Amino acid sequence: MNCQHIDFAMNRRDFFGRFGLGLGGAALSTLLRGEASGATADGTNPFRGALPGPHFAPKAKRIIYLFMSGGPSQLDLFDYKPVLNERNGQDLPDSVRQGQRLTGMSSNQATLPLAGSAFKFAQHGQSGTWMSDLLPWTSKVADELCVIRSLHTEAINHDPAITFFQTGSQLAGRPSFGSWLSYGLGSVNENLPAFVVLISKDRIDQPLYARLWGNGFLPSIHQGVQFRNGKDPVLYLENPGGVSSVARRKMLDRLAELHALQFEDLGDPEINARVAQYEMAFRMQSSVPEVMDVAGESDEVFELYGAEARKPGTFAANCLLARRLAERDVRFIQLYHPGWDHHGNLPKGIRRQAQDVDQASYALITDLKRRGLLDETLVVWGGEFGRTNYSQGKLTPTDYGRDHHPRCFSIWMCGGGVKPGMTFGATDDFGYNVAENPVHVHDLQATLLHLLGIDHEKMTYKFQGRNYRLTDVHGHLVKECLA
């Protein structure tokens with residue numbers, strides 16, 4: 001390359017000016033025209049991801065993640081352990097515990113009495129999947145589910161455990177799962193975010209921080225957008241009084257021109273991401289009210305999801321919204337349903353929680369399937385860890401609690417390239433340790449990414465001199481769970 005005519009004293013603005021419109025202006029003009037085909041690959045355009053395309057043919061186009069915040073008791077839902085009932089009240093054998101750590105909430109108990117489940121279990125479907133009588137609706141679609149009973153994690157308390165599931169790290173600050181998908185694959189719908197968050201109302205028993213759906217060090221266009229029940233589904237989306245849509249459009253056009261100049265001066269890609277967010281917000285002023293308006297849904301649909309589906313903000317209503325968002329090609333739809341942290345009074349508490357989610361989860365699967373969407377939609381159901389096989393606090397004939405248990409717990413997956421009607425992995429007779437086919441959180445993340453056509457080792461982002469990925473430096477594909 002001949003460098004003798006280069007003016008090394010040229011400032012940044014002069015440099016970009018000599019190349020016509022400049023890189024920032026080119027990117028912004030593409031955004032304002034809404035041409036996804038001309039998108040840049042640095043994350044500034046929400047319609048095209050940083051990857052040139054999937055690494056291989058995807059089985060799923062999107063994920064609906066039903067996150068049961070608080071840690072559902074696998075021993076009262078999916079993992080049938082008759083030994084616990086037979087030895088109810090006996091102390092947890094040292095040979096089973098093996099000196100493993102306990103939380104501060106039960107480590108000072110004089111005994112750790114085994115607690116058999118208060119609920120009856122039965123096998124369902126041709127697959128013979130075990131479920132308790134807490135889940136009469138979910139059991140009807142047992143042959144659609146892939147139940148993993150051998151999941152395990154590293155965190156023993158809620159905040160690091162949920163953060164680990166959502167971001168691949170126990171420490172706050174990493175990009176969330178949905179943000180990684182938005183960054184890598186982009187969006188299919190120009191008028192809605194690639195990543196939407198819905199939270200059940202009236203079930204908060206521990207905080208859910210916005211950083212759980214944050215973009216971390218990725219461009220801010222990839223952060224999750226929370227849709228709320230009520231008059232304003234997205235905060236600060238509507239124009240203030242006295243500002244018309246025409247005036248807003250003119251303001252955004254002028255603001256984009258100013259940001260283009262700023263980008264040429266500073267070269268910060270976050271400037272372009274900010275303008276992309278402004279443009280998305282402008283389009284969402286019409287698209288969000290449309291997707292949130294369920295008045296056109298038939299009575300049969302509401303009956304399918306249950307009576308709670310008519311109450312905005314409930315888990316059932318959010319499942320119905322999830323189906324509507326899936327129809328509109330939202331890439332990652334995250335539902336949080338808190339309230340599963342049953343340290344005491346578990347039989348009553350888990351019965352209420354199961355009633356919240358059982359019929360709606362069944363309805364979501366059924367609704368997606370009959371609309372031809374289940375094969376391309378990956379549905380995931382589960383929490384951040386499981387519960388202990390011993391009772392926290394006093395064990396009585398009718399009551400018990402269970403502490404946090406990261407050593408083994410259950411989740412299920414459905415649709416989107418998952419092998420249906422199977423149970424993978426197993427725990428020991430006491431439901432305390434993984435006995436067969438352990439699946440780590442990073443293994444699950446790698447598998448979910450694979451189903452969307454992504455090699456988890458190849459989707460990285462360089463930050464502060466290091467290449468990061470969702471699965472950090474871990475993760476193995478769980479091939480047995482793939483269809």
Side-chain angles (χ1 to χ4, degrees), residues 66 68 70-89 114-149 151 200 203 303-309 314-316 319 337 339-366 379 381-383 386-392 395-402 405 408-414 420-427 429-432:
L66 310 177
M68 304 293 115
S73 171
Q74 75 283 6
L75 298 170
D76 296 282
L77 295 170
F78 304 107
D79 201 0
Y80 179 44
K81 295 300 173 187
V83 168
L84 297 183
N85 291 85
E86 294 167 7
R87 302 182 63 167
N88 190 67
L114 298 174
S117 178
F119 306 99
K120 296 180 180 180
F121 277 75
Q123 291 179 282
H124 297 275
Q126 294 182 351
S127 58
T129 302
W130 285 99
M131 290 189 202
S132 81
D133 57 9
L134 286 169
L135 302 172
W137 289 92
T138 305
S139 63
K140 295 180 181 182
V141 290
D143 288 338
E144 300 286 351
L145 307 183
C146 173
V147 179
I148 298 178
R149 288 207 192 122
L151 203 63
S200 301
R203 288 292 184 261
E303 290 171 4
L304 176 66
Y305 284 86
E308 292 287 300
T314 62
F315 180 79
C319 280
H337 189 70
W340 295 91
D341 193 23
H342 297 132
H343 292 276
N345 201 17
L346 183 145
K348 180 180 178 181
I350 199 171
R351 186 177 285 109
R352 184 195 71 171
Q353 291 294 111
Q355 288 174 349
D356 284 345
V357 306
D358 181 36
Q359 182 175 351
S361 299
Y362 157 83
L364 178 61
I365 294 170
T366 302
V379 183
W381 189 104
R387 313 303 296 197
T388 56
N389 61 358
Y390 59 83
S391 178
Q392 179 182 337
L395 173 67
T396 75
T398 59
D399 194 21
Y400 54 91
R402 298 192 191 276
H405 191 64
C408 57
F409 56 108
S410 302
I411 68 161
W412 58 254
M413 303 183 293
C414 179
M422 74 167 295
T423 298
F424 183 74
T427 59
D429 290 342
F430 290 84
Y432 197 88

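Note that the structure is a prediction, hence the values are computed from the model and not measured.
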- For residues F409 and S73, determine if any side-chain heavy atom of one lies less than 4.5 Å from a side-chain heavy atom of the other. no
- Check step by step if side-chain contact (heavy atoms from CB on, under 4.5 Å) holds for L75 and R402. CA-CA 10 Å; L75 298 170; R402 298 192 191 276; 3.9 Å; yes
- Task: State, to 0.1 Å, how close N88 and A115 come at their nearest heavy-atom pair, and which atoms those are.
- Result: OD1-CA, 3.5 Å
- Query: So, do R387 and H343 sit near enough that their side-chain heavy atoms are less than 4.5 Å apart?
  - Reply: yes
- When rounded to the nearest 0.5 Å, the distance separating CG of L346 from OG of S391 is 9.0 Å
- Which atom of G383 lies closest to which atom of P72, heavy atoms considered: CA-CD, 3.8 Å
- Any side-chain heavy atom of E308 within less than 4.5 Å of one from D356? no
- Qualifying side-chain hydrogen bond (donor to acceptor under 3.5 Å, both in side chains) pairs with a residue from residues 136-146, counting only residues at least two apart or across chains: S127-D143, T138-D358, E144-K369
- Nearest atoms (heavy-atom pairs only) where Q74 meets G386: OE1-CA, 3.3 Å
- Message: Measuring only between side-chain heavy atoms, which start at C-beta, is T423 closer than 4.5 Å to I148?
- Response: no
- Note on the structure: Only residue of W381, F121, W130 satisfying ring-ring contact (aromatic ring centres under 6.0 Å, His included) with F78 is W381
- Note on the structure: When M131, M422, M413 are each screened for side-chain contact (heavy atoms from CB on, under 4.5 Å) with L145, the one that passes is M131
- For A354 and W340 the tightest heavy-atom approach is N-CH2, 4.0 Å
- Query: How many angstroms lie between atom CG of D133 and atom NZ of K120, to the nearest 0.5 angstrom?
  - Reply: 7.5 Å
- To the nearest 0.5 Å, what is the distance between OH (Y80) and CZ (R149)? 11.5 Å
- Under a 4.5 Å cut-off applied to non-hydrogen side-chain atoms, are L114 and V83 in contact? no
- Note on the structure: NE2 of H405 to OG1 of T388, rounded to nearest 0.5 Å, is 7.5 Å
- Message: Can you confirm whether M68 sits close enough to F315 that some side-chain heavy atom of one is under 4.5 Å from a side-chain heavy atom of the other?
- Response: yes
- Message: For a 4.5 angstrom cut-off between non-hydrogen side-chain atoms, does L134 reach L77?
- Response: yes
- Correct closest heavy-atom pair for Y400 and S117 would be OH-CA, 3.6 Å
- Query: Where is the tightest heavy-atom contact between L364 and C319, given as atom of each residue plus distance?
  - Reply: CD1-O, 3.6 Å
- Message: Once rounded to the nearest 0.5 Å, what's the spacing between atom CG of D76 and atom CD of Q353?
- Response: 13.0 Å
- Query: Would a 4.5 Å heavy-atom cut-off, applied to side chains only, mark S361 and L66 as touching?
  - Reply: yes
- Item | Donor-acceptor pair, side chain of N389 and main chain of F430, under 3.5 angstrom | yes
- Task: Please report the C-alpha distance between T129 and H124 in whole Å, then the side-chain angles of each, then the deciding distance to 0.1 Å, and finally whether the side-chain hydrogen bond (donor to acceptor under 3.5 Å, both in side chains) criterion is met.
- Result: CA-CA 5 Å; T129 302; H124 297 275; over 6 Å; no
- Indicate yes or no for a side-chain donor-acceptor contact from K348 to the backbone of D399 under 3.5 Å, with no hydrogens or angles considered. no
